[in-house]
Number of protein chains: 2
Amino acid sequence: MPNAFVDKIRSYVPLTPEDVLILTAACENVRKVPARYDLIREGDKPESVFVVLEGWACRYKILPEGGRQIVAFLIPGDFCDMHVSVLDEMDHSIATLTSARIAMISHREIEALIDSRPSITKAFWRTQLVDEGVLRAWIVSMGRRDAHQRVAHLLCELYVRLRVIGLAVNGRCEIPLTQIVLADSLGLTPVHVNRVLRRLREAGAMTNEGGKLVIVNVEQLANIAGFDDNYLHRKLRRVA
Amino acid sequence: MPNAFVDKIRSYVPLTPEDVLILTAACENVRKVPARYDLIREGDKPESVFVVLEGWACRYKILPEGGRQIVAFLIPGDFCDMHVSVLDEMDHSIATLTSARIAMISHREIEALIDSRPSITKAFWRTQLVDEGVLRAWIVSMGRRDAHQRVAHLLCELYVRLRVIGLAVNGRCEIPLTQIVLADSLGLTPVHVNRVLRRLREAGAMTNEGGKLVIVNVEQLANIAGFDDNYLHRKLRRVA
DNA sequence: CGCGTTTTTGAAGCCCCTCAAGTGTAGTGG
DNA sequence: CCACTACACTTGAGGGGCTTCAAAAACGCG
């Protein structure tokens with residue numbers, strides 16, 4: 001049975017069959033969750049670590065005036081805050097964007113993994129550093145790129161991340177995000193996102209099929225965005 | 001002899017006298033560095049962990065078109081990327097903003113600390129989670145706050161962080177950043193930062209003394225920014 | 001004292017927002 | 001099978017916040 005979490009960890013470090021068994025066992029507590037469901041809210045005391053096995057989720061913050069800012073997208077294999085138990089409460093919320101399968105791992109199990117499995121611990125560190133790199137890249141985008149570059153850059157990031165987990169092939173992948181969600185993550189309005197997407201569509205970089213956004217030409221998006229994949233520590237093009 | 005690094009760690013967890021000795025010893029390799037000096041550049045292979053003992057530094061990225069985006073400020077006590085050795089190369093650069101004293105700790109020493117000192121390890125985790133919280137807060141600011149709120153929010157963040165290390169008292173502190181640096185961190189132009197600062201000055205929230213920006217009324221800034229200190233896991237007002 | 005950098009101020013313009021209305025499209029229930 | 005509803009998407013018109021360009025004043029450092 002495929003497990004996105006195991007696959008992700010394996011993409012960072014080699015795993016022994018025993019490692020795989022232990023990781024798989026850690027994911028036994030699985031919940032099916034509908035779209036737009038809050039897994040945890042700002043202010044809550046975290047009780048366990050979430051692992052996305054299937055579907056999409058996001059971290060977000062709500063502002064006093066009511067606006068929402070998404071600060072990260074979580075795709076299959078992603079997990080959150082293995083050390084978060086050392087802080088009192090969440091400083092942001094996490095919600096699903098599509099229906100999803102979520103594994104919940106207790107802190108005790110996570111710490112047991114960290115204490116007993118050096119290679120898994122190393123993989124955890126790597127994922128954390130990559131996540132921070134993504135946060136920094138978002139800041140760069142919001143600070144110094146215009147709307148077109150910004151949209152294109154996000155799509156490139158998502159493409160690379162999806163390709164790693166086998167959900168993108170030949171410069172093509174599906175992204176189940178509404179224009180409203182995109183706007184909330186990019187610091188734009190849905191109206192403007194709509195106009196930007198239209199131009200990207202007209203340029204032949206993407207299409208809109210069945211309510212989903214489909215990337216059909218990453219190269220072009222990368223050109224528009226000035227995308228450099230170094231911060232993901234993965235390559236946009238698979239090296240031969 | 002005071003050590004900002006030890007003080008910061010101590011602000012997160014209780015330290016035994018032995019812990020203090022070990023941390024102090026780890027900082028023996030100190031360099032004096034002038035302002036605007038690159039400690040490490042994007043693409044470099046990191047060789048050690050930097051700790052800011054005195055002065056200010058920043059993480060930044062240069063865009064293809066030449067613009068600079070600052071993605072984090074480092075103040076005394078801050079250190080960077082204890083696990084960074086697990087990645088091949090830096091995805092951003094780090095430079096001083098003022099003249100500074102920087103301690104350099106080898107990865108071997110860091111890992112020895114992590115392996116042998118549980119309380120210090122816990123403090124490292126906390127600092128990392130707080131740093132991530134700051135990155136997310138920056139994204140929220142850039143995405144959903146206008147220029148006035150954005151400037152005010154950054155000043156509030158810096159105030160809280162400075163207060164923790166004893167560099168702010170009674171709602172007042174000095175910030176040695178030029179308007180150009182502020183602009184590069186906020187995703188604005190220096191011209192507009194100037195206009196925003198003028199209004200904050202006229203409102204009595206801050207002043208400009210001797211080339212330094214001085215916060216004189218944090219409460220007011222917090223009101224303008226809609227500042228919520230939860231993400232720093234420290235209080236804006238010291239609790240009685 | 002002189003020079004480079006930062007700060008300041010003005011004027012014009014554009015990118016993106018706001019407001020508004022209309023068009024799909026999927027799911028629901030009669 | 002077709003209203004009916006709830007969203008998301010689309011498109012237009014007008015406005016405002018921030019940028020760009022330009023130039024002068026003030027500062028700080030050798």
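Proteins come first, then strands; the chains are lettered A, B, ... in the order of their sequence lines, and each starts at number 1. For clarity, every value in this text was computed on a predicted model and none was experimentally measured.
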Original post:
Just how far, in rounded Å, is C1' of dT25(C) from CG of Asn208(A)?
Top reply: 12 Å
Subject >> Sugar-phosphate, base or nothing in reach of Leu197(B), heavy atoms under 4.0 Å >> reply: nothing
**OP:** Let me have a per-nucleotide readout for nucleotides 25-30 of chain D, 5' to 3', with B, S or -, counting only protein heavy atoms under 4.0 Å.
**Re:** ---S--
**OP:** Please tell me if the side chains of Leu74(A) and Thr96(A) come closer than 4.5 Å, counting only heavy atoms from C-beta onward.
**Re:** no
Original post:
Which part of the nucleic acid, if any, lies within reach of Ile180(B) when heavy atoms closer than 4.0 Å are counted: base, sugar-phosphate only, or nothing?
Top reply: sugar-phosphate
Original post:
Is any side-chain N or O of Thr189(A) closer than 4.0 Å to OP1 or OP2 of dC16(C)?
Top reply: no
Original post:
Are OP1 or OP2 of dT10(D) and a side-chain N or O of Arg201(A) less than 4.0 angstrom apart?
Top reply: yes
**OP:** Inspect the contact between Arg41(B) and Asp44(B) and indicate whether a charged nitrogen and a carboxylate oxygen are less than 4.0 angstrom apart.
**Re:** no
Original post:
Of all the choices, dC17(C), dC9(D), dT6(C), which nucleotide is nearest to the side chain of Thr178(A) once you look at every atom?
Top reply: dC9(D)
**OP:** For Arg150(A), report the nucleic acid contact type (base, sugar-phosphate, nothing); a contact means any heavy atom under 4.0 Å.
**Re:** nothing
Original post:
Can a salt bridge be assigned to the pair Arg161(A) and Asp78(A) using a cut-off of 4.0 Å between side-chain N and carboxylate O?
Top reply: yes
Subject >> Option from Val52(B), Leu158(B), Ile175(B) for which side chain to side chain contact (heavy atoms under 4.5 Å, CB included) with Phe73(B) holds >> reply: Leu158(B)
Original post:
Within less than 4.0 Å of OP1 or OP2 of dC7(D), is there a side-chain N or O belonging to Gln179(A)?
Top reply: no
**OP:** Look at Glu89(B) together with Lys45(B) and state whether they make a salt bridge at an N to O cut-off of under 4.0 Å.
**Re:** no
Original post:
Whole Å only: how far is the CZ atom of Arg145(B) from the P atom of dC17(C)?
Top reply: 17 Å
Original post:
Charged N to carboxylate O below 4.0 Å: is that the case for Glu219(B) and Arg172(B)?
Top reply: no
Subject >> Under-3.5 Å donor-acceptor pair between Arg195(B) side chain and dG17(D) base >> reply: no
Original post:
Given Gln179(A), which of Thr189(A), Asp184(A), Leu188(A), Asn208(A) fulfils the side chain to side chain contact (heavy atoms under 4.5 Å, CB included) condition?
Top reply: Asn208(A)
**OP:** Kindly say if Arg199(B) contacts the phosphate of dG17(D), meaning a side-chain N or O under 4.0 Å from OP1 or OP2.
**Re:** no
Original post:
Does a nitrogen or oxygen in the side chain of Asn194(B) sit under 4.0 Å from OP1 or OP2 of dT8(C)?
Top reply: yes
